[in-house]
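All remarks here apply to the structure that follows.
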Amino acid sequence: MGVRIKKIKVKSLGPIKEFSEEMGLFNLIYSGNELGKTWLVEFIIASLFRNRKRWELREIGKSGKIWIQGLESELVSFSPSSRKKIEDYWESSGKGLPTAIVNLLVAKGAESAIADVEGGIDKYLIKKLLSSKDILDNIDKKISKTVQAATIEGQEIIGAERGEIKERDDLRKDLKQLDLIFDEIDSHYSGGLRQALAIEKDKFKSELSKLDEAKRYKAYTIDKKLQSLNEELNKISEDEINSISTDMSVYSEQLAEYGQKEDNLREVKNRCKHYEWLASARDVYQAFISHEAVKPDKWLLIAPIVSGILTLVFIIANQPAGGIIAFMATVFFLLIHIRKLDKAAVNAAINEEIKKLKREFKDRVGQELTDLAVLGEILERNKADYEKARILADQLSSEKVKLNAKLSTIMQRFRNLLGRDVDIKDWDETIRNFRQQLKTINKQIQSYTVELGGLGVDSSDYSEEDNGIEYSKKEYEDVQSKLNAVTQDIDKEHEKLNELKARICQVTGDELTVNWESLIENLQKKYDTLINDFKKNSAQIIGNIAVHQVIEELREEEDSKILEGLESDVVQKPLHDITGRYNKITLSEDIMTVSDGFNDFALSDMSTGAIEQIMLALRIGFSSKLLKKESLFLILDDAFQHSDWRHRETLVDRLVALAKTGWQILYLSMDDHIKGLFDKAGEAFGGEYKSIVIENS
Amino acid sequence: MKIAVTGDVHLTSQDEHPERYNALGNILEQMISEEIKTIIIAGDLFDANCQNYSEFDGLCTQRKYNSIVFYIIPGNHDNHLRGAHLAAKNVKVITEPEIILLGSPEVKFLFMPYAKDRTMGDNIAPFKSDLDPGHWVLIGHGNFIGGIRELNPYEPGTYMPLTRKDIELYKPGKTLLGHIHKNMDQEIVHCIGSPCGLNINETGYRRFLVLDTDSLSVTGKTVDTDYLYFDESLIVLPMANEVDYIRSKMNAAIKRWDVSDDEKSKIRARIHFRGYTSNLKTLKQTIHESLAGISFYNDEEPNLSEVSIYDDPERIEIANRVSEWINELEWIQRPDQPNKDDILVQALKTILEV
């Protein structure tokens, strides 16, 4: 027994005030435009079928019922509010999607739109009619091609770098960026590090301060030493030392000169040491030689002889005058000679003395005293030396006084310097020592001055306070260097922190004046937003990959289901019943072919009318197959409205043929021509034909 | 020697929140049974508005507890707390960073009370020379920002943060932090967590820590609290057998909570459903049946505001097939990745939203 709509009863359905009709096998429900035909169709759909959304039905009131025969032993009533729908009476095939029975049993002009399908009919048409292709397509088209082509491998989405996948990768990059920023916060925000550095800095500053105090103290002590050295230096006047030294030199020179003179004097004295003797000897000698018994010179003997001879000659020559003069000369010479002889006899003792004198002379002078002249000459010579010695002696005497005065002066100056006497032999050493001392002091002064200058401490900053730390330039520089390094580290940390803050502000959109706590909170919010976006994006992609893959599986199952259906007798049979010609339909590689036993015809090559008949046959065949019923009801909502009149007749004829096989036909129309066709065809059904007109209420 | 450590008790008054006193009392009881004589409270012992310390004083001076020594640091909520506020002789309030020797052999504990506008590193630095790396314990109250990116939902903001750099720099042997109410355990750093759920964000069993000063190891001990909060978010789908499906989902959630039957009365649950159902009334009824004997947090009904009614069998079938597909997907749950429920919700949007 087939399934049929037995009765429809509605109240206040749109423009329909009341509608209560028993249905026959062949039914036409006619209404004028806007009089409620569509309302009634939607009421039937909403009451009998699930998935009202598919039809985008308007809000249907609950006041009304439809009674169905053939589902149970009794009539079963359905209303829009019924939880149980007609689908609940059939089990799912278990393959593909549950068939949208409403698609099969309700035709809303679908077949008329066949010609408008892009790319032809064939498989598309069958799927549209027999499967949930539209749903699958509608869902699938929400998924981008990028995601459709993407896969999941492990925890990774593998796909082309565009669309949602690129967005996801961009989000992941942003998250990584934030991860790095968080890592940087972890590294650089650490107050501990900065504080440790600050403490270290304070420590170095303190050390430096102490060293500075020590330096100022050191400067003070050096200055004191310098003062002391200068005082010492002042006590040991270099000028004085030089002056003393000059005096010493002068004294020394004078002393040397004096010595020379002394030597000279000694020499001169030596040379004239016999002067006084000589002078005395000369006088003696002179006196002696006047009394010297000198044998008359031979000439004194010869002269009287000669003069005597001459006298005789004169006499003989009778030269009295000559004789006289010669005589007188002879007498004279004789007299002289006698006198001489006489004297010689008198001064013989004197001669002895003269001999002694001469011997002495020789001893003293080293030469023979031959005569007075010799003596005189030597005496003269001695006299010069003697005079010289006297002068030298005078000079020496005078210089001795001067030397003593100089000595006294020098001694006094040494006494002044040292406070004690310095032996003359120690003078040089003392001066050397002074000079060494001066040199040492000057060297010390120079060294201290350089050191003091090196400290660079202004005299006003000298500190008398000893903090117990010994200043060391090396240590000071070392600490200063450490301080500089730690200051640099702190600056770097602050710089890094500020730079990091600026970057975070860029990310969060905060002002640079924001405090770190708020900034981190805002960054965490940003991270939350990003991670949520990333998760949502990932979930969308993975979810859509899942949906697409399931859709692909379902499409295959749907294809398989359609193929299986097309090959079944229950689908093939109405094909012949309705078309009256074709007895086989096949689908191969998306090409649908019908056969009349002799020839095959591609559906795409057939007329619209023929296609509509075939589709009607498939609708019937698949309904029977899926619902396991030989006959059901078919609701057609002006399904032939767009067909031309000739096709309409054919289609109505086919419906008649179908109804004759037990199928209940409910055709709703607002077309007078179709009404006419149905009224004419319905005559064959007698009381089973219901022509119902919805009146204007 | 063992030392108990807790924090963030947020005591107010016995009348207002007896469960918080009860949680602290339970910790003290467990200490007595384990002969632990010292407890450290790492901040926020008292709630921000609490000025009445007499009840806590009374607890400390109870005869059975007066042999326990309490070391308390103020947190950001009770930063005003001073030693003078508490009369109990066995309580020491540490208001400035201070090293205290505890345990035998003695271990240096650096107590770090909360200080506004400071980081923990700021406050540790002056003690650096006194701290033997790896052999001292930091007790602080603030955020640990090392490796943590997410906001603290209970208390957003950054409070006296401790960074990984600080840990590297000062090398505490162990760091126990108050402030973050959620437990967190890393090798060195432990967020103690609140011993009593303050609200629905603090879910599951709560704990306190026991620190062994010999080994500086930390053990968590469950606190027997008056309430156990659970906050669940579940996906519903209009499956063929929706009732069984919902029931199995609910049972799985309850199983996850891991609460024994005799403690189920302590549960205060908040459940938020997302997804689609063919029948809201049936869904509600099934949820209530599944949660029989379990109370709702603040008597809130399960939140079904994000559940839509859906009766499209084809799309529902697709959704179910996708749900199976996702369930079979080898997908490891990670904090930075969506979970399978999130994926399913997004898939459902694609499938079911027209």
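On a predicted model such as this, the values are computed, not experimentally measured, just so you know. Naming convention: chains lettered A, B, ... in sequence-line order (proteins, then strands); numbering from 1 in each chain.
- Residues meeting the salt bridge (charged side-chain N to carboxylate O under 4.0 Å, His left out) test with A/Glu556, sequence neighbours left out: none.
- Contact annotation for B/Ile326: only side-chain heavy atoms (C-beta onward) come within less than 4.5 Å of a heavy atom of chain A.
- Note on B/Lys128, B/Arg334, B/Met120: by heavy-atom pairs under 4.5 Å with chain A, the leading option is B/Arg334.
- Here the OG1-OH distance, from B/Thr119 to A/Tyr189, works out to 6.5 Å after rounding to the nearest 0.5 Å.
- Proximity to chain A (any heavy atom under 4.5 Å) is restricted, for B/Glu330, to the backbone atoms N, CA, C and O.
- B/Pro161 touches chain A through its side chain: at least one heavy atom from C-beta onward sits under 4.5 Å away, while N, CA, C and O do not.
- For A/Asp186 against B/Arg164, the heavy-atom pair with the smallest separation is OD2-NE, 2.9 Å.
- There is no contact between A/Asp202 and chain B, counting heavy-atom distances below 4.5 Å.
- Between A/Leu175 and B/Asp336, the closest side-chain pair of non-hydrogen atoms is not below 4.5 Å.
- Rounding to the nearest 0.5 Å gives a distance of 9.0 Å between CG of A/Leu136 and CZ of B/Arg315.
- A/Asp140 contributes atom CG, which lies 10.0 Å from atom OG1 of B/Thr350 (distance to the nearest 0.5 angstrom).
- Scanning all heavy atoms of the two residues, the minimum distance from B/Trp325 to A/Ala546 falls at CE3-CB, 3.1 Å.
- Contact tally against chain A (heavy-atom pairs below 4.5 Å) for B/Ile124, B/Ile316, B/Ile332: the top residue is B/Ile332.
- Contact annotation for B/Ile167: neither backbone nor side-chain heavy atoms come within less than 4.5 Å of a heavy atom of chain A.
- Listed by first and then second residue, the salt bridge (charged side-chain N to carboxylate O under 4.0 Å, His left out) pairs that reach into residues 514-529 of chain A are A/Glu521-A/Lys525, sequence neighbours excluded.
- For B/Gln337 against A/Phe534, the heavy-atom pair with the smallest separation is OE1-CE2, 3.9 Å.
- Residue A/Ile152 holds its CD1 atom at 7.0 Å from CD1 of B/Ile343, rounded to the nearest 0.5 Å.
- Shown here is A/Glu156, whose CD atom has more than 12 heavy atoms of other residues, nucleotides or ligands within 6.0 Å.
- Residues of residues 535-544 of chain A that come closer than 4.5 Å to chain B, counting heavy atoms only, are A/Lys535, A/Lys536, A/Ser538, A/Ala539, A/Gln540, A/Ile542, A/Gly543, A/Asn544, ordered by residue number.
- Of all the heavy atoms in B/Leu169 and A/Ala196, the pair that sits closest is CD2-CB, 4.5 Å.
- Taken from NE2 in A/His188 to OG1 in B/Thr163, the straight-line distance is 11.0 Å, to the nearest 0.5 Å.
- No more than 12 heavy atoms of other residues, nucleotides or ligands lie within 6.0 Å of NZ in A/Lys145, so this atom counts as exposed by the packing criterion.
- Scanning all heavy atoms of the two residues, the minimum distance from B/Val322 to A/Val547 falls at CG2-CA, 3.7 Å.
- For B/Ser129, no part lies near chain A; criterion is any non-hydrogen pair under 4.5 Å.
- Across B/Asn279, B/Leu162, B/Asp117, B/Asn339, the residue that shares the most heavy-atom pairs under 4.5 angstrom with chain A is B/Asn279.
- Using a 4.5 Å cut-off between heavy atoms, A/Glu200 makes no contact with chain B at all.
- For A/Glu153, the side-chain contact (heavy atoms from CB on, under 4.5 Å) partners two or more places apart in sequence, or in a different chain, are A/Thr151, A/Ile158.
- Nearest heavy-atom pair across B/Asp166 and A/Leu193 is OD1-N, 4.2 Å.
- Heavy-atom distances place both the backbone and the side chain of A/Ile185 under 4.5 Å from chain B.
- Distance check: A/Gln195 CD to B/Arg118 CZ gives 5.0 Å after rounding to the nearest 0.5 Å.
- For B/His288, the NE2 atom is densely surrounded, since the number of other residues' heavy atoms within 6.0 Å is greater than 12.
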